[in-house]
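Just so it is clear, the values below take in all heavy atoms, side chains as well, and ignore hydrogens, waters and symmetry mates.
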Amino acid sequence: MPSDTDIAVDVRNAVKRYGDFTALKQISLSIRDNEFFTLLGPSGCGKTTLLRMIAGFEDVTEGAIFLFGDEIEKLPPHKRPVNTVFQNYALFPHMTVLDNVGFGLEMMGRSKTEARKRAGEVLEMVQLGQFSHRKPAQLSGGQQQRVALARALAPRPKVLLLDEPLSALDLKLRKAMQVELKHLQRETGITFIFVTHDQEEALTMSDRIAVMSAGALQQLGEAREIYERPRNVFVADFIGDTNLLDVAVDRIEQGRAQCHLGGGHQLTCDAVEGIGAGANVHMSLRPERLYLSAEPIEVESLKGRVRETIFIGTDTATIVDLADGPQFTIRSSNSTRGNARVFEPGAEVFVNMEQGAARLLVD
Amino acid sequence: MAGGGATGGSVQTDTYAGARGWLLLPAWVTLGILTLAPLAIMLVYSFLTKEFRGGVIWEFSLDAYDQFFFDRGLFGDAPPQIEWTYIGIFWRSIWQAGLATLLSLLIGFPTAYFIATRPEKQRALWVFLVTIPYWVNLLIRTVSMKFLLRDQGPLNEGLMALGVISEPLTIVNTNLAVQLGLFYSYLPFMVLPIYAAVERYNFALSEAAADLYAPRWTILRRILIPAVKPGILAGCILVFVPSLGSFLAPDLLGGARNFMIGSLIEEQFKGNAGNWPFGAAASMILLTMVLILLIVSARQSQKEAR
């Protein structure tokens, strides 16, 4: 197929079963060349299984996987031109850092001298040049992580698979590595397929994200799209914090859906295809797109009472009980420009929302 | 340096420091009576003069070692030449034990790998199965083996019935029988340490190697074997050392022509024909060789750990 040239990995109807248990239910997705693609989901959602199927460590029960147009799902792992950064690095303990990084090249048939030369260059790239003669056990966790990265990059794969590579690092180091990985991806132009359960990490690094749950693909899209226009309850709840409300749709008019929630409060938002009048569905309201006021600002300002105010550094979170209705969390920035007023617990307030803050969801 | 802990100047006082010395007493007594004393007796006896009907005369002599290494003619007055008989027996013992060890390794490694890669719940059962034959006394097992391997035994008759061979294979009273006997006697000592090492092995390393384009045999050679090498080394020592000094298998399966050190030593203490100092000296030489082997292998594994 001619259009395959800009598709790095094409997964078509891939199914994975272990006996009676179905780990992956008919997944299809196309990963573009040169993109930073993330498989995101809670543990057990099948994201690692999918990655291991691409690498060749798990066989494909049904379906096919293409790599730049070539069908690869029957090839053993050592014949697939992809490389993996493993979760716990899996560095060869009896080899020096240099020999670890040179291993792939040596297996490709390069001479030992040539492999070492290239390994040295890649180690320089991840700033580990001076550690090349140490054994992995003599390095810190962060350094080992870089060696694992260098080892997978050394053979110049067209696709790099990363299986939760940052999960063993502490927060500060993890943040630094996120930036570095993203940078490295741009610089090398290699397609990265990154597996993580950390939604913030996924949002920070990815060009596109595939959100998975229970062996199925829930939504695929750019980070902003997934955050702002989640397709269903799972995605809205899993990505970022949100207020999830049970609402009933009263009527649809000019692309707007008029809904009510518990306590008789009225809300209007953009209609969504597939949700008609009379439906009982969910609504997602991102806390940072809500704001409080002492007096009603709009017709649909929701009246409530402050239960608690929580200081969380950059932001303040305010928890509000609507009169006879559900609980809301509202987040406001603590910057002086934000001029958000902080309300004391017990104060009567009105909850207002920015344009497009509310979104209807299917289950 | 048993009391060394007290000199450390640590802030905490060791309440049990005094009691600890006494608690170690049983260990020291056991070690002393069962290991150090017999060794000392052996060492002393090897430097004594032999009594004609077994036993010793308490008179210092290097005769035992001299007899082992040098030939001074029938009357002991010829110019000394190297005595090849005993060195030959030693060499054959090393060879036999080495082959038995190699055979154990070739069978034991795949067995251990197989067990270690079973689901966790099954592993204990497999280990248990490996050890079952060892509930039977070594002597009985070796004798049984002779019956299995002899010309009219089940092995030969089975092979003949299947038409694989037309004449019975002569196995008993050959080197092969000795190697098989030694192999069977000590196989679990090879399987168990390798199993322990493979069980601890991180199989993600094999995946990583495959991911980096290494085919299966290369993974075995370059990744798995180096990672479980301490287990392999332990298994080889545990099979080689007892095989080297063994006398049951060579006596029962090897016959008179396939004499090993163990039998040589045993002869010296049997009946009236024995030569106790010579037996003791041969034991000391054997012990020294084993010690050197252990030190070399310990050095080797230390060097690799670094």
Check each atom of Glu106(A) against the heavy atoms of chain B and say whether the ones under 4.5 Å are side chain, backbone, both or neither. side chain
In a check of side chain to side chain contact (heavy atoms under 4.5 Å, CB included) between His183(A) and each of Glu187(A), Glu180(A), Arg186(A), which one passes? Glu187(A)
Measure distances from Leu161(A) to the heavy atoms of chain B and classify the residue's part below 4.5 Å as side chain, backbone, both or neither. neither
Report yes or no: is the cationic atom of Lys79(A) (NZ for Lys, CZ for Arg) under 6.0 Å from the centre of the six-membered ring of Tyr213(B), at an angle within 45° of the ring normal? no
Pairing of Arg116(A) and Asp99(A) as salt bridge, 4.0 angstrom limit: yes
Passes side chain to side chain contact (heavy atoms under 4.5 Å, CB included), Ile65(A) versus Met53(A)? Steps please. CA-CA 9 Å; Ile65(A) 297 173; Met53(A) 279 159 72; 4.1 Å; yes
When Ile219(B), Thr218(B), Asn202(B), Ile223(B) are compared by non-hydrogen pairs under 4.5 Å with chain A, the top option: Ile223(B)
Please classify the contact between Phe86(A) and chain B as side chain, backbone, both or neither, with a heavy-atom cut-off of under 4.5 Å. side chain
Under a 4.5 Å cutoff for heavy-atom pairs, which residue among Ala204(B), Pro226(B), Ala227(B), Ala208(B) has the most contacts with chain A? Ala208(B)
Quick one: do Arg52(A) and Asp59(A) make a salt bridge, cutoff under 4.0 Å? no
